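Heads up: the structure comes next, in structure tokens.
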Amino acid sequence: MSTTTVVVTGGAGFIGANLVHLLLESRPDWHVLNLDKLTYAGNLDNLKAAEGRPNYRFEKVDIVDRAALERAFASIPRGGRTLVLHLAAESHVDRSIQSGLPFVEANVVGTQNLLDVCRAHGVERFVHVSTDEVYGSLGSEGFFTEDTPIQANSPYSASKAASDLLVRAAVHTHGFPASITRCSNNYGPYQFPEKLIPLMIANARESKPLPVYGDGLYVRDWLFVRDHCEALLAVLEKGQTGEVYNIGGNNEYPNIQIVKRILAELKRPESLIQYVKDRPGHDRRYAIDASKIQKELGWAPRFRFEDALPMTIRWYLDNDDWLQRVRSGAYRDYYAAQYGA
Ligand code: NAD
Ligand code: TYD
């Protein structure tokens, strides 16, 4: 039987690490090659359970670096099939507001570089993991469908939209076998505590103020990360070339409700909530219509927010070492000593 190698870019990040774990658990015959630059968001602590597995390998690779990418793909045994799940990206909106250029480098230049190397290698399937944020912002009505025009509003979402167009162009021009996914906000284990849910859990735990932007009535459509990862495998195995698939859980909440739930769960007072200056250009509402992936690929979310949010909070409490190493930056020094800064 020929070998299947699945390359995961950004596999040391939040969603990537959850995906690597799912792949090793559910596709034991596949070889997983994790290519990650180890930016501040990439943390090999997330992959301790994968280390030492004979069918898992990590290479520190910046997808912007053509030669490094080529070497990594050249190391894949010939004769089998190679599949790619592309998650590597700069991912935090607030950082993109501070400085947009790293987002253009990683998300736009990096994606084109990867597409070129994958095409030369003869990759059989490529899933480009994008975001619902490329569609811009909704008012109180309606949902994003795959036909909603691209109206990215932040440097982060603009760079993701640009990468989506590069993938589309590779399909159209070269017949490259790619699909694009656009998922709503994820939550779950291993999320870097700069994003809403883990930041609020970490601060509430230490009875530090919980910074809520603007009026707190901004709405996001939350999906448990495991459901997202299962959707990505469905698109990898059953998705059609050139198609876009929205992924979401029909699970909208205003930020303030999420924050209050976390406080209630951790038995901390609402007086910890601190309304702070709004994010510039803050998108009001995201909401996904995921009927296409449900109908065409048979995917549906399995986790209910009522269960998965408390599970997530419990995970951060049970993994206090992980959180402390992230908050202190100790993980960065540790892996820089092994792999270089
Ligand atoms: P993350 O920031 O936690 O992880 C990103 C990973 O990419 C990190 O491990 C980082 O080291 C790596 N990386 C960054 N630049 C790189 C480069 N130049 N070369 C190689 N590796 C690089 O992000 P995440 O939340 O896990 O998101 C993963 C993907 O999913 C992103 O493409 C993001 O746009 C998309 N997405 C995220 C969400 C969400 O809610 N988190 C929702 C929809 C889509
Ligand atoms: P975030 O987790 O950064 O995801 P995104 O901006 O990609 O949706 O933010 C989720 C929502 O929470 C968003 O409306 C901004 C808001 N937010 C706060 O109110 N306070 C915070 O400290 C953070 C990080 C986010």
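Atoms within each ligand, like the ligands themselves, are counted from 1 in listed order. Keep in mind it's a predicted model, so treat the numbers as computed, not measured.
One hydrophobic cluster holds both Trp222 and Phe224 under the rule that ILVMFWY side chains link at heavy-atom gaps under 4.5 Å.
Under the 4.0 Å criterion applied to side-chain N and carboxylate O atoms, Glu194 and Arg95 are assigned as salt-bridge partners. Residues Lys292 and Glu243 are paired through a salt bridge, judged by an N-O separation under 4.0 Å between the basic side chain and the carboxylate. No salt bridge links Glu90 with Lys37; every basic N to acidic carboxylate O contact stays at or beyond 4.0 Å. Under the 4.0 Å criterion applied to side-chain N and carboxylate O atoms, Lys160 and Asp164 are not assigned as salt-bridge partners. Under the 4.0 Å criterion applied to side-chain N and carboxylate O atoms, Arg226 and Glu230 are assigned as salt-bridge partners.
For atom 10 (C) of ligand 2, the closest non-hydrogen atom of the protein is Leu196 CB, 3.9 Å. In terms of protein heavy-atom proximity, atom 44 (C) of ligand 1 is closest to Ser130 O, 3.0 Å. Nearest protein neighbour of atom 28 (C) of ligand 1, counting heavy atoms only, is Leu87 O, 3.5 Å. At the shortest separation from atom 10 (C) of ligand 1 among protein heavy atoms lies Thr39 OG1, 3.3 Å. Among protein heavy atoms, the minimum distance from atom 21 (N) of ligand 1 is reached at Lys37 N, 3.1 Å. With hydrogens left out, the protein atom closest to atom 19 (O) of ligand 2 is Tyr213 N, 2.9 Å, a heavy atom. The shortest contact between atom 18 (N) of ligand 1 and any protein heavy atom is with Asp62 OD1, 2.9 Å. In terms of protein heavy-atom proximity, atom 41 (N) of ligand 1 is closest to Ile15 CD1, 3.7 Å. Regarding atom 20 (N) of ligand 2, its nearest protein heavy-atom neighbour is Pro211 O, 2.8 Å. From the protein, the heavy atom lying nearest to atom 16 (C) of ligand 2 is Asn255 ND2, 3.3 Å. Ranking the protein heavy atoms by distance from atom 40 (O) of ligand 1 puts Asn186 N, 2.9 Å first. Closest to atom 24 (C) of ligand 2, if we only count protein heavy atoms, is Glu194 O, 3.1 Å. What sits closest to atom 9 (O) of ligand 1 on the protein, heavy atoms only, is Asp36 OD2, 2.6 Å.
Proximity to Val93 (heavy-atom distance under 4.0 Å) selects the following atoms of ligand 2: 6 (O), 7 (O). Near Ser91, meaning under 4.0 Å from one of its heavy atoms, ligand 1 places the atoms 1 (P), 2 (O), 23 (O). The distance from ligand 1 to the heavy atoms of Val61 drops below 4.0 Å at these ligand atoms: 19 (N), 20 (C). Under a 4.0 Å criterion applied to the non-hydrogen atoms of Ser184, ligand 1 contributes the atoms 42 (C), 43 (C). Remark: ligand 1 atoms within the under-4.0 Å shell around heavy atoms of Asn185 are 40 (O). For ligand 1, the atoms sitting less than 4.0 Å from at least one non-hydrogen atom of Val129 are 30 (O), 32 (O), numbered in the order shown with element in parentheses. Counting atoms of ligand 2 from 1 in the listed order, those under 4.0 Å from a heavy atom of Tyr218 are 14 (O). Of all atoms in ligand 2, numbered sequentially from 1 with element shown, those under 4.0 Å from a heavy atom of Leu199 are 22 (O).
Taking the ring axis of Tyr218 as reference, the NZ or CZ atom of Arg284 stays within 45° of it and closer than 6.0 Å to the ring centre.
With ring centers used as reference points, Trp315 lies under 6.0 Å from Tyr190. Checked against the 6.0 Å centroid threshold, Phe126 and Phe176 count as a close aromatic pair. Checked against a 6.0 Å centroid threshold, the rings of Tyr253 and Phe305 count as neighbours. Ring pair Tyr275/Tyr213: centre-to-centre distance not below 6.0 Å. Separation of the His92 and Tyr156 ring centroids does not fall under the 6.0 Å cut-off.
Rounded to the nearest 0.5 angstrom, Glu252 CD and Tyr286 OH are separated by 13.0 Å.
Taking a 4.0 Å cut-off on heavy atoms, Ala12 registers as neighbouring ligand 1. Ligand 2 has at least one atom lying under 4.0 Å from a heavy atom of Tyr286.
Under 4.0 angstrom from ligand 1, there are no non-hydrogen atoms of Asn43. The part of Lys160 lying near ligand 1 is the side chain, judged by heavy-atom distances below 4.0 Å. Only side-chain heavy atoms of Tyr156 come within less than 4.0 Å of ligand 1; its backbone N, CA, C and O stay farther off. With a heavy-atom cut-off of 4.0 Å, Leu38 touches ligand 1 through its backbone alone.
In the candidate list Arg279, Gln274, Glu133, Lys195, Arg279 is nearest to atom 9 (O) of ligand 2, counting heavy atoms.
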**OP:** Kindly determine whether Lys60 and Asp36 satisfy salt bridge (Lys or Arg N to Asp or Glu O under 4.0 Å), including the steps that lead there.
**Re:** CA-CA 5 Å; Lys60 184 175 191 286; Asp36 198 296; over 6 Å; no
Subject >> Worked verdict on Tyr339 versus Phe58 for ring-ring contact (aromatic ring centres under 6.0 Å, His included) >> reply: CA-CA 11 Å; Tyr339 293 98; Phe58 166 71; 5.2 Å; yes
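Ligand 2 has no N or O atom lying under 3.5 Å from any N or O atom of Met200, backbone or side chain. On a distance-only criterion, Asp94 and ligand 2 share no N/O pair closer than 3.5 Å. Considering backbone and side-chain atoms together, Val212 places no N or O closer than 3.5 Å to any N or O of ligand 2. Between Arg220 and ligand 2, at least one pair of N/O atoms sits closer than 3.5 Å. Of the N or O atoms in Cys183, none lie within a sub-3.5 Å distance of an N or O in ligand 1. The distance criterion of under 3.5 Å between nitrogen or oxygen atoms is met by His282 with respect to ligand 2. Between Asn185 and ligand 2, a contact under 3.5 Å exists for at least one N or O pair.
In the displayed structure, Arg332 atom CZ is contacted under 6.0 Å by more than 12 heavy atoms of other residues, nucleotides or ligands.
Here the closest heavy-atom approach between residue Asp221 and residue Asn250 is recorded as OD1-N, 3.4 Å.
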